[in-house]
Asks: 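I have a structure here, written as structure tokens, and I will follow up with some questions on it.
By convention in this document, chain letters (A, B, ...) are assigned in the order of the sequence lines, proteins followed by strands, and residues within each chain are numbered from 1.
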Number of protein chains: 2
Amino acid sequence: MDSNIAVLALAALAQSSRLEVFRLLVQTGPAGRAAGDIAHALDIPPATLSFHLKALAHAGLVESRQVGRYVIYQARFQAMNALLAYLTENCCGGTGCEASATSCQPEGNAHETTARAPRRSRS
Amino acid sequence: MDSNIAVLALAALAQSSRLEVFRLLVQTGPAGRAAGDIAHALDIPPATLSFHLKALAHAGLVESRQVGRYVIYQARFQAMNALLAYLTENCCGGTGCEASATSCQPEGNAHETTARAPRRSRS
DNA sequence: TCCATTATTTTATAAATATAAAAATAATGC
DNA sequence: GCATTATTTTTATATTTATAAAATAATGGA
């Protein structure tokens with residue numbers, strides 16, 4: 001991983017809303033979540049969320065696909081792996097602790113196999 | 001590690017100069033480096049470097065001590081360990097890859113045992 | 001098909017925060 | 001003490017963030 005890409009990924013995660021969004025998407029697994037569902041779950045205004053999702057996508061940490069009228073976002077685990085590998089190799093004593101390749105996989109987490117529509121209790 | 005602290009650490013590393021500084025200090029090991037030495041090595045103006053060092057220190061990623069007229073900075077490996085642990089646990093599939101504790105230690109890297117004065121070839 | 005409904009993104013604007021480097025301050029050794 | 005070197009503070013500029021409002025996109029039913 002290039003240093004510039006690492007900075008981009010770090011910057012994307014260095015914001016509380018974005019870190020929350022990414023955590024949620026990691027928990028969600030490959031099924032992903034609709035933008036509105038994320039906004040509802042984390043209580044973030046849709047426009048604000050869209051802004052942050054764009055930053056995460058630009059950093060390669062999430063990807064999106066359109067399903068019906070929803071846009072489903074999901075975490076890109078490989079990007080997180082690459083970031084952890086970079087930090088481990090470059091900021092962790094060099095030859096000091098290179099044994100931890102820290103591979104992240106969503107296996108066993110996909111309790112939702114397909115995109116879910118946002119549940120909107122119109123309160 | 002608290003989420004807010006993680007954001008602080010991520011933000012501290014999410015800037016190219018600061019990431020370079022931290023990398024350099026990790027490579028340097030517990031011996032540390034004087035601020036002026038870092039500035040010279042990375043070609044960063046002293047004032048700018050001081051600003052960035054403060055950010056790193058505030059995030060707990062580096063610590064400083066005064067030795068003679070120099071202020072020596074060194075990486076705090078435990079902080080980096082905590083950050084990697086946080087990312088691995090929270091942003092890596094939850095139970096997906098908790099096996100990698102990713103412990104960073106500077107052992108074998110301390111080729112400098114005491115603070116070094118910045119070598120200034122007055123060019 | 002066309003329209004009402006719902007979802008998401010873009011745009012515009014204001015506020016907050018980050019950055020860089022000149023100027024000022026502090027500390028040391030001779 | 002004072003010249004020298006190191007570091008920090010200040011100040012101006014640039015970037016990022018947040019949100020509402022408007023625009024865009026997609027669906028399903030009349």
Asks: What is the distance, to the nearest angstrom, from the NE2 atom on His58(B) to the P atom on dT8(D)?
Replies: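 Whole-Å distance recorded here is 15 Å.
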Asks: When you check every protein heavy atom under 4.0 Å of nucleotides 19-28 of chain D, what one-letter string (B, S, -) results, 5' to 3'?
Replies: BBB----SB-
Asks: Can you sort out the partners of Arg23(A) under side-chain hydrogen bond (donor to acceptor under 3.5 Å, both in side chains), two or more places apart, ordered by chain and number?
Replies: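 With neighbours one apart ignored, the set is Tyr86(B), Asn90(B).
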Asks: What integer distance in Å separates Tyr70(B):OH from dT4(D):P?
Replies: 15 Å
Asks: For Ala11(B), what residues pass the side-chain contact (heavy atoms from CB on, under 4.5 Å) criterion, not counting sequence neighbours?
Replies: Ala14(A)
Asks: Could you give the CG-to-P distance, from Asp37(B) to dA6(D), as a whole number of Å?
Replies: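 Taking CG of Asp37(B) and P of dA6(D), I get 10 Å after rounding.
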Asks: Specify the separation, in whole Å, of atom CD of Glu20(A) and atom P of dA18(D).
Replies: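 The answer, rounded to whole Å, is 11 Å.
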Asks: For Lys54(A) and dT8(C), is the shortest distance between a side-chain N/O and OP1 or OP2 below 4.0 Å?
Replies: no
Asks: Can you tell me if Tyr73(A) touches the phosphate of dA7(C), counting only side-chain N or O atoms and a distance under 4.0 Å to OP1 or OP2?
Replies: no
Asks: Between atom CG in Asp43(A) and atom C1' in dA18(D), what is the gap in whole Å?
Replies: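 These atoms are roughly 14 Å apart.
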Asks: To the nearest angstrom, how far is Leu13(B) atom CG from dA18(C) atom C1'?
Replies: 16 Å
Asks: Taking 4.0 Å as the cut-off, does a side-chain nitrogen or oxygen of Ser50(B) come that near to OP1 or OP2 on dT7(D)?
Replies: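 Answer is no, no contact under 4.0 Å.
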Asks: Out of Leu24(A), Leu25(A), Leu19(A), which one pairs with Val21(A) under the side-chain contact (heavy atoms from CB on, under 4.5 Å) rule?
Replies: Leu25(A)
Asks: Ignoring backbone atoms, establish whether Arg18(B) has a side-chain N or O less than 4.0 Å from OP1 or OP2 of dT19(C).
Replies: yes
Asks: dT8(D) C1' sits how many Å from Leu56(B) CG, rounded?
Replies: 16 Å
Asks: Quickly work out the Ile72(A) CD1 to dA7(C) P distance and round it to whole Å.
Replies: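 Spelled out: CD1 on Ile72(A) to P on dA7(C) is 12 Å.
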Asks: Within the pair His52(A) and dT16(D), is there a side-chain N or O less than 4.0 Å away from OP1 or OP2?
Replies: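 Looking at the OP1 and OP2 atoms of dT16(D), neither is under 4.0 Å from any side-chain N or O of His52(A).
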